Amino acid sequence: MVKRNPHMAKLSGGYLFPEIARRKKALLEKNPSAKVISLGIGDTTLPLTPYICSALLDAAKKLGTKEGYSGYGDEQGMTALREKIAKVLYHGSADSDEVFISDGAKPDLGRMQILFGADATLAVQDPSYPVYVDGSVIVGATGPYNQKKQQYASIIYMRCTPKNRFFPDLAAQPRTDLIYFCSPNNPTGAVATKQQLKKLVDFAKQNRSIIIFDAAYAEYIEEKGLPKSIYEIPGAKEVAIEVNSFSKTIGFTGVRLGWCVVPKQLVYEDGSSVHKDWNRITTTIFNGASNLVQRGGLAALDAEGLTEMKQTVDYYKENARIIKTALDALGFETYGGRNAPYIWVRIKGKKSWDAWSELLEQKHIVTTPGAGFGPGGEGFLRFSSFGRREDVLLAVERLKRDKL
Ligand code: MLT
């Protein structure tokens, strides 16, 4: 018999979003006529936009010709796309050979967890996107279990609450090898200012830590002066990797395309290159993003594509505004929803899974329970703005009808 990877047994239950889908399905089995509205997972609902979609169609057609066919590409991605991302999105603050094209931020995060291995210690914002912790647990980066704290020794939870404006008290944090940081934040919708990110970069420098900066929602930032990339902070390239994706900007959640930036000056304690190792991981356990899909990414960064991207992002931002306004009017304490597609809502006097179930049972609205994002999420619900407008409006009507 095969012995189970012992780290799998350390995971707490199923992954958050399939668990939510399972509970939604159970409700539909009980009540098949229920019109359930999903404001849960951050999954896009608008169709692909014309210019980007036609680039995908052209690319598919080309692959059907003798001249246009191509097999494996460079594992790091098409040079043209790497160059375009460096130029259009980083304005030169990242070199094209520091940009690695991928099938999305989540798989990149998984490969990074393999890169840093089981001995890495890590810190996460609490609450945070569950992949940072769950993926680390899978590779064994846990250290021993501390029964008293009910936590693994290698995983530090940096509490982010309305009280500290969702930015952790870094002075109170122990040193870790890695620091996962997401801004605009999933799930709280909080956006770190330049001053805050500078503090984070300084902290990483002092501790010789590496920041894994998740910028998947950067295009939702509308307020001038808020940083869209960690590399807007001088010196960040010495301490930070950035992951990003086309999922939430052009609706590629199902199409799959993302990238990360691994700076050449990023080194381990022995002075060896992280960039080189990342290249080794990429070429060994990844065959590169789909050639067809990369053509869609190229189109997205043309002037027409960027216009379409803005329209898509604006649509979800308007959804966020509608949801937040309604919740505010109902007297809820809300955060995020501006410069971010998620609204973080305090639920007084209830556990978040209980409030989540009530909302599903009574109003047929799926959200995400805050506790699914870590202990710091208890007592909150997350509303996603990625639904269709008509569903968002209907959800808001249902919320107004009688109080939760
Ligand atoms: C979320 O809802 O937190 C995200 O959509 C999940 C993801 O991007 O993987």
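Atoms within each ligand, like the ligands themselves, are counted from 1 in listed order. Please read all numbers here as calculations on a predicted model, not as lab measurements.
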Exercise. Hey, would you say the Trp259 and Phe246 ring centroids sit under 6.0 Å apart?
Worked result: yes
Exercise. Are any non-hydrogen side-chain atoms of Tyr132 and Asp214 less than 4.5 angstrom apart?
Worked result: yes
What are the distances between nitrogen or oxygen atoms of ligand 1 and protein nitrogen or oxygen atoms, counting only those under 3.5 Å?
residue  : atom  : partner : partner atom : Å
ligand 1 : 2 (O) : Gly42   : N            : 2.6
ligand 1 : 2 (O) : Arg382  : NH1          : 3.4
ligand 1 : 2 (O) : Arg382  : NH2          : 2.8
ligand 1 : 3 (O) : Asn186  : ND2          : 2.8
ligand 1 : 3 (O) : Arg382  : NH1          : 2.9
ligand 1 : 5 (O) : Gly42   : N            : 3.3
ligand 1 : 5 (O) : Gly42   : O            : 3.2
ligand 1 : 5 (O) : Lys248  : NZ           : 2.9
ligand 1 : 8 (O) : Lys248  : NZ           : 3.0
ligand 1 : 9 (O) : Tyr129  : OH           : 2.5

Problem set entry | Candidate list Ile179, Val274, Asp177, Thr176, test side chain to side chain contact (heavy atoms under 4.5 Å, CB included), partner Ile210, passing option | Val274
Check whether the side chains of [X] and [Y] place a donor and an acceptor atom closer than 3.5 Å, and report yes or no.
X	Y	value
Arg389	Asn319	yes
Tyr231	Lys237	no
Tyr268	Asp277	yes

